[in-house]
K.L.:
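The structure that follows is given in the form of structure tokens.
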Amino acid sequence: MTDRRVLISPSLLSCDFARIAEGVEMIEAAGADWLHVDVMDGHFVPNLTIGPPVVKAISKVAKAPLDVHLMISDPAQYAEAFVKAGAYVLTFHWEVAPSVEESRAVIAAFRAAGVQKVGISVNPDTPVEPLVELFDEVDLILVMSVFPGFGGQKFMGEVSSKVRWLRDQGYQGWIEMDGGINGETISECAEAGADVFVAGSAIFGSDDIPATISEFRATALERMHVG
Ligand code: DX5
Ligand code: ZN
């Protein structure tokens with residue numbers, strides 16, 4: 001684990017939607033590695049956010065790669081639209097394709113659409129054991145530390161054991177955690193083996209965003225050597 005990089009992916013869900021371009025420029029200047037874009041369809045999750053036209057608008061102003069988190073019921077259907085809109089990582093939820101075969105079909109649709117990096121996500125109450133069969137087929141596993149749908153929820157520490165388990169099984173790709181990550185909770189995520197950290201409210205709500213991002217990075221780097 002020692003040569004792993006830490007990636008900080010602030011969630012644009014917490015930025016001012018009337019000023020997304022300014023938010024993107026500010027957060028990149030503050031040290032963001034990726035930009036996390038939360039796409040919700042009002043069906044898989046009880047909230048609606050943004051779709052491909054807005055992702056495209058973001059990609060025009062963004063320099064950092066777009067880390068697009070699809071909380072939608074039919075990710076395969078929209079893969080091409082999100083790739084064309086500029087997604088770099090495109091992540092779908094196992095819960096909408098809850099078997100290795102169904103997830104493989106979504107991954108195939110993503111690859112056919114020309115996706116650069118494929119991610120698969122699990123909710124806090126979804127086991128990760130079946131993902132072992134998909135280790136070679138995905139670039140990123142997103143372990144949710146809240147139930148998806150809203151920013152600002154409390155971190156569910158018990159999911160760290162799933163991250164540790166994935167590393168113990170030899171998973172070498174990115175492990176991202178999302179939900180309730182802050183300067184404290186990031187420690188146990190990094191110790192467990194995560195290397196990509198999403199944060200919305202803790203970053204955008206900070207009085208000193210560059211300092212907060214640096215602090216997250218320093219803490220994660222330090223703790224990932226402990227784990
Ligand atoms: C939750 C989203 C998260 C959210 C994180 O459904 O997937 O990306 O924006 O927000 P915080 O960091 O505030 O929990
Ligand atoms: Zn997210």
Side-chain angles (χ1 to χ4, degrees), residues 6-17 20 23-24 27 30-51 54-55 58 62 64-73 75 78 82 85 87-96 117-126 138-160 162-163 174-190 194-207 209 212-213 215-217 219-220:
V6 165
L7 296 171
I8 308 292
S9 188
S11 169
L12 297 180
L13 192 61
S14 294
C15 89
D16 179 351
F17 276 11
I20 298 179
V24 165
I27 210 72
D33 298 295
W34 289 355
L35 301 173
H36 188 81
V37 182
D38 286 305
V39 174
M40 306 186 190
D41 66 354
H43 187 254
F44 175 63
V45 288
N47 195 5
L48 280 164
T49 53
I50 65 175
V54 178
V55 174
I58 293 170
L66 301 188
D67 168 30
V68 178
H69 178 192
L70 297 180
M71 287 160 276
I72 67 177
S73 294
Y78 296 98
F82 282 104
Y88 170 65
V89 183
L90 197 59
T91 298
F92 70 99
H93 269 263
W94 161 270
E95 294 80 13
V96 305
K117 303 290 178 187
V118 172
I120 187 166
S121 180
V122 285
N123 280 348
D125 60 353
T126 299
V138 296
D139 303 287
L140 176 148
I141 297 176
L142 166 53
V143 176
M144 291 301 299
S145 38
V146 298
F147 282 95
F150 302 92
Q153 301 182 74
K154 192 173 176 294
F155 178 75
M156 298 170 72
E158 60 271 29
V159 305
S160 302
K162 294 196 284 190
V163 173
W174 286 310
I175 298 184
E176 180 174 56
M177 290 182 76
D178 179 9
I181 308 283
N182 59 36
E184 285 170 21
T185 58
I186 198 168
S187 292
E188 64 183 278
C189 301
D195 49 8
V196 185
F197 306 92
V198 177
S201 45
I203 288 181
F204 283 90
S206 161
D207 294 337
I209 293 176
T212 299
I213 292 178
E215 194 187 306
F216 277 25
R217 195 186 304 286
T219 305

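Whatever order the structure lists ligands and atoms in, that order sets their numbers, starting from 1.
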K.L.:
Give, for atom CZ of Phe150 and atom CG of Asp38, the distance between the pair rounded to the nearest 0.5 Å.
P.N.:
11.5 Å
K.L.:
With rounding to the nearest 0.5 Å, note down the distance linking NE2 in His93 to CD in Glu95.
P.N.:
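Going from the NE2 atom of His93 to the CD atom of Glu95 covers 6.0 Å.
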K.L.:
List ligand 1's nitrogen or oxygen atoms that come under 3.5 Å of a protein nitrogen or oxygen, with the partner atom and distance.
P.N.:
from: ligand 1; atom 1: 6 (O); to: Gly149; atom 2: N; distance (Å): 2.7
from: ligand 1; atom 1: 7 (O); to: Asp38; atom 2: OD1; distance (Å): 2.9
from: ligand 1; atom 1: 7 (O); to: His69; atom 2: ND1; distance (Å): 3.3
from: ligand 1; atom 1: 7 (O); to: Asp178; atom 2: OD2; distance (Å): 2.9
from: ligand 1; atom 1: 8 (O); to: His36; atom 2: NE2; distance (Å): 3.4
from: ligand 1; atom 1: 8 (O); to: Asp38; atom 2: OD1; distance (Å): 3.1
from: ligand 1; atom 1: 8 (O); to: Asp38; atom 2: OD2; distance (Å): 2.8
from: ligand 1; atom 1: 8 (O); to: Asp178; atom 2: OD1; distance (Å): 2.7
from: ligand 1; atom 1: 8 (O); to: Asp178; atom 2: OD2; distance (Å): 3.0
from: ligand 1; atom 1: 9 (O); to: Ser11; atom 2: OG; distance (Å): 3.0
from: ligand 1; atom 1: 9 (O); to: Asp38; atom 2: OD2; distance (Å): 3.1
from: ligand 1; atom 1: 12 (O); to: Gly200; atom 2: N; distance (Å): 2.7
from: ligand 1; atom 1: 13 (O); to: Gly152; atom 2: N; distance (Å): 2.8
from: ligand 1; atom 1: 13 (O); to: Ser201; atom 2: N; distance (Å): 3.0
from: ligand 1; atom 1: 13 (O); to: Ser201; atom 2: OG; distance (Å): 2.5
from: ligand 1; atom 1: 14 (O); to: Gly180; atom 2: N; distance (Å): 2.8

K.L.:
If you measure from NZ on Lys154 to OG on Ser145, what distance do you get to the nearest 0.5 Å?
P.N.:
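Lys154 NZ to Ser145 OG: 11.0 Å, rounded to 0.5 Å.
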K.L.:
Checking side-chain polar atoms at under 3.5 Å, does Thr126 have a donor or acceptor matched by the opposite partner on Asn123?
P.N.:
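No, Asn123 and Thr126 have no side-chain donor paired with an acceptor closer than 3.5 Å.
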K.L.:
Using the rule given for side chain to side chain contact (heavy atoms under 4.5 Å, CB included), can you reason through Leu66 versus Ile58, listing the C-alpha separation, both sets of side-chain angles and the distance that settles it, and then say yes or no?
P.N.:
CA-CA 9 Å; Leu66 301 188; Ile58 293 170; 3.9 Å; yes
K.L.:
Does OH in Tyr78 sit with more than 12 non-hydrogen atoms of other residues, nucleotides or ligands closer than 6.0 Å?
P.N.:
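Count not over threshold, so no.
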K.L.:
Pair Phe216, Val6 - check side chain to side chain contact (heavy atoms under 4.5 Å, CB included), show working.
P.N.:
CA-CA 9 Å; Phe216 277 25; Val6 165; over 6 Å; no
K.L.:
Can His43 and Ser73 be counted as having a side-chain donor-acceptor contact under 3.5 angstrom?
P.N.:
yes
K.L.:
Which protein N, O or S atoms lie under 2.8 Å from the Zn ion (ligand 2), given by chain and residue number?
P.N.:
His36 NE2, Asp38 OD1, His69 ND1, Asp178 OD2
K.L.:
Quick one: do Lys117 and Asp67 make a salt bridge, cutoff under 4.0 Å?
P.N.:
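Looking at Asp67 together with Lys117, the answer is no, because their closest N to O distance does not fall below 4.0 Å.
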